[in-house]
Protein chains: 2
Amino acid sequence: MTSDPGADGHGTAALVRDGVEFGERDRALLREIERTGSVAAASSNLGRSRPRDLSRIETLEETFGELVERRRGGSGGGGSQLTDTGDQLLARYERLQVALTATAQVPETVLQGTVTDLSGELAEVDTPVGRVRGLHDDVTVDDQLQVRIGADSITLLDPGSDPEPDATSARNRLVGTITGIDRGETVLTVHVAVGDADFQALVTDNSAQRLDLHENREVVLTWKATATRLVSESR
Amino acid sequence: MTSDPGADGHGTAALVRDGVEFGERDRALLREIERTGSVAAASSNLGRSRPRDLSRIETLEETFGELVERRRGGSGGGGSQLTDTGDQLLARYERLQVALTATAQVPETVLQGTVTDLSGELAEVDTPVGRVRGLHDDVTVDDQLQVRIGADSITLLDPGSDPEPDATSARNRLVGTITGIDRGETVLTVHVAVGDADFQALVTDNSAQRLDLHENREVVLTWKATATRLVSESR
DNA sequence: AATCGTTGTATGGATTGAGATACACCGGTT
DNA sequence: AACCGGTGTATCTCAATCCATACAACGATT
């Protein structure tokens with residue numbers, strides 16, 4: 001039952017399949033090959049060993065499929081270009097890296113909870129602030145777990161103009177009190193106390209003004225069940 | 001201007017600081033130390049070399065601060081326990097790993113765009129589907145970039161009951177047509193065409209029924225600017 | 001004082017990753 | 001045929017990582 005401060009240092013991702021890791025070095029190589037059209041030029045530009053890089057591509061290809069189409073001789077002496085598979089692998093990798101960077105920059109509210117109900121990919125969890133719904137992976141009723149909610153998922157509403165949701169809505173909804181506002185340039189981090197829990201929501205300057213957000217003000221927090229991560233503690 | 005299919009293989013994270021990477025092996029070690037209260041037992045249980053693990057802890061500590069308080073002699077012969085710093089580092093690492101796992105499971109809509117306006121952490125981007133607002137890092141006007149929107153960020157609304165937002169709202173809002181619905185057990189992936197762009201939104205069964213979502217139906221998509229990632233292409 | 005079970009330290013060996021160097025092969029161009 | 005500039009292959013060396021083994025030191029307990 002805490003809010004998680006931003007990361008110290010940065011995160012780096014790797015895409016793993018059958019024990020082979022596609023990481024930042026590999027990304028850089030493929031991008032440079034794409035740019036130059038040549039493994040030789042790419043390796044040279046990156047200050048790396050061409051035979052080593054060629055060997056590395058082969059290792060990656062054994063696991064991820066053909067990534068680079070290499071041509072020997074011909075006009076220009078030969079050359080290389082990324083395959084569609086190579087493009088897709090890069091896109092996947094870069095997506096992971098973006099997610100890491102975003103995570104590091106966005107506060108997260110973490111609650112402890114107990115699973116009370118399962119319904120497909122969704123689970124209902126009893127937490128100190130009440131019932132919360134979220135996406136789970138392989139939990140069972142009575143499991144202890146963490147509820148993780150990114151500050152960029154939470155929408156703040158004026159209690160007066162918030163329509164009470166009907167019972168079929170899968171949005172989580174709580175009422176809390178603003179305990180502080182950290183100002184960025186045009187994005188604010190709003191701290192909201194709900195019981196003993198400290199929620200954090202990212203809000204734009206415009207929205208904060210429209211809603212007249214200030215300390216001690218009561219607000220409604222809503223966020224989608226599908227944006228709520230339920231994480232088993234038995235890792 | 002595409003939707004990004006789910007990842008193949010899984011992602012793995014590392015927390016990097018001053019060239020030192022805290023990764024999965026390190027996490028497992030710290031968690032086992034926490035559980036057993038002993039480096040010796042942890043190493044043994046993990047089938048690893050104790051001197052090596054002790055050396056590894058020292059390396060990590062040079063960069064991340066004191067992670068494990070080690071005691072030599074005394075009752076029980078000695079023992080070890082995680083420091084607060086160790087706890088926090090683990091929390092940070094695990095948060096990254098959760099983000100990766102979530103990313104791998106949630107479709108993402110990716111649009112190409114050009115920066116038209118900057119306002120603090122927010123930028124406005126001209127895309128094929130219109131103006132989109134999102135969080136950026138260090139872009140300038142006229143930059144080409146990618147707009148990334150997770151399917152778990154998008155809320156679908158009935159056009160008839162959607163209040164038109166006033167101009168100060170920082171929510172992105174588009175109108176589209178449902179082109180397909182992929183059914184999970186209780187969470188659906190709804191494909192929505194907006195012009196030539198294919199958006200994907202995660203929606204619960206309950207919400208889909210309440211909104212009567214089906215193919216060819218017109219819907220409103222909204223999502224927060226703060227949940228929109230703007231990614232430079234010059235990486 | 002001896003014993004216990006932990007941490008602390010040193011040494012050696014194996015494996016893997018990665019750079020440096022050299023030669024071979026290819027197909028288009030001159 | 002010779003040349004060009006790429007890919008393909010082989011060999012060597014070095015550094016980093018990590019396991020195995022052994023001995024030393026510590027403080028509580030007997």
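Every chain is numbered from 1 and lettered A, B, ... according to where its sequence line falls, protein lines coming before strand lines.
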- Task: Mind checking A:S55 for me? I need base, sugar-phosphate or nothing, with any heavy atom below 4.0 Å counting as a touch.
- Result: nothing
- Query: For A:R70 and D:dG6, is the shortest distance between a side-chain N/O and OP1 or OP2 below 4.0 Å?
  - Reply: no
- Any donor-acceptor N/O pair, B:T186 side chain to A:E121 backbone, under 3.5 Å: yes
- Task: Please determine if A:E24 and A:R31 form a salt bridge, counting it only when a charged side-chain N lies under 4.0 Å from a carboxylate O.
- Result: no
- Start and end of chain A contact along DNA chain C [non-hydrogen atoms, under 4.0 Å]: C:dG17 to C:dG28
- Message: Between B:R17 and B:E62 (salt bridge meaning N to carboxylate O under 4.0 Å), is one present in this structure?
- Response: no
- Give a yes or no on whether the backbone of A:S232 and the side-chain of A:H136 come within a donor-acceptor separation of less than 3.5 Å. no
- Decide whether A:D18 and A:T63 meet the rule of one side-chain donor and one side-chain acceptor closer than 3.5 Å. no
- Task: Give a yes or no on whether the backbone of A:G37 and the side-chain of A:Q81 come within a donor-acceptor separation of less than 3.5 Å.
- Result: no
- Parallel, tilted or perpendicular: which fits the ring planes of B:F199 and B:W223, with parallel below 30° and perpendicular above 60°? tilted
- Item | Whole angstrom value for the distance that separates P of D:dG6 from CG of A:D53 | 15 Å
- Indicate for each nucleotide in nucleotides 22-30 of chain D, in 5' to 3' sequence, whether protein heavy atoms under 4.0 Å reach the base (B), only the sugar-phosphate (S), or nothing (-). B-BBBBS--
- salt_bridge(A:D152, B:R229) N-O dist < 4.0 Å: yes
- Report yes or no: does A:Y93 contribute a side-chain atom to a donor-acceptor pair with the main-chain N or O of A:A13 at less than 3.5 Å? yes
- For the side chain of A:Q97 and the backbone of A:G11, is there at least one donor-acceptor N/O pair under 3.5 Å apart? yes
- Query: Do any N or O atoms from the side chain of B:S119 and from the backbone of B:L122 form a donor-acceptor pair under 3.5 angstrom?
  - Reply: no
- Taking CG from A:L54 and C1' from D:dG5, how many angstroms apart are they, rounded to a whole number? 14 Å
- Task: Using atom CD1 of A:I33 as one end and atom P of D:dG5 as the other, report the distance to the nearest whole Å.
- Result: 20 Å
- Spell out protein contact along nucleotides 12-18 of chain D as letters: B when the base is contacted, S when just the sugar-phosphate is, - when no protein heavy atom is under 4.0 Å; keep the 5' to 3' order. -----SB
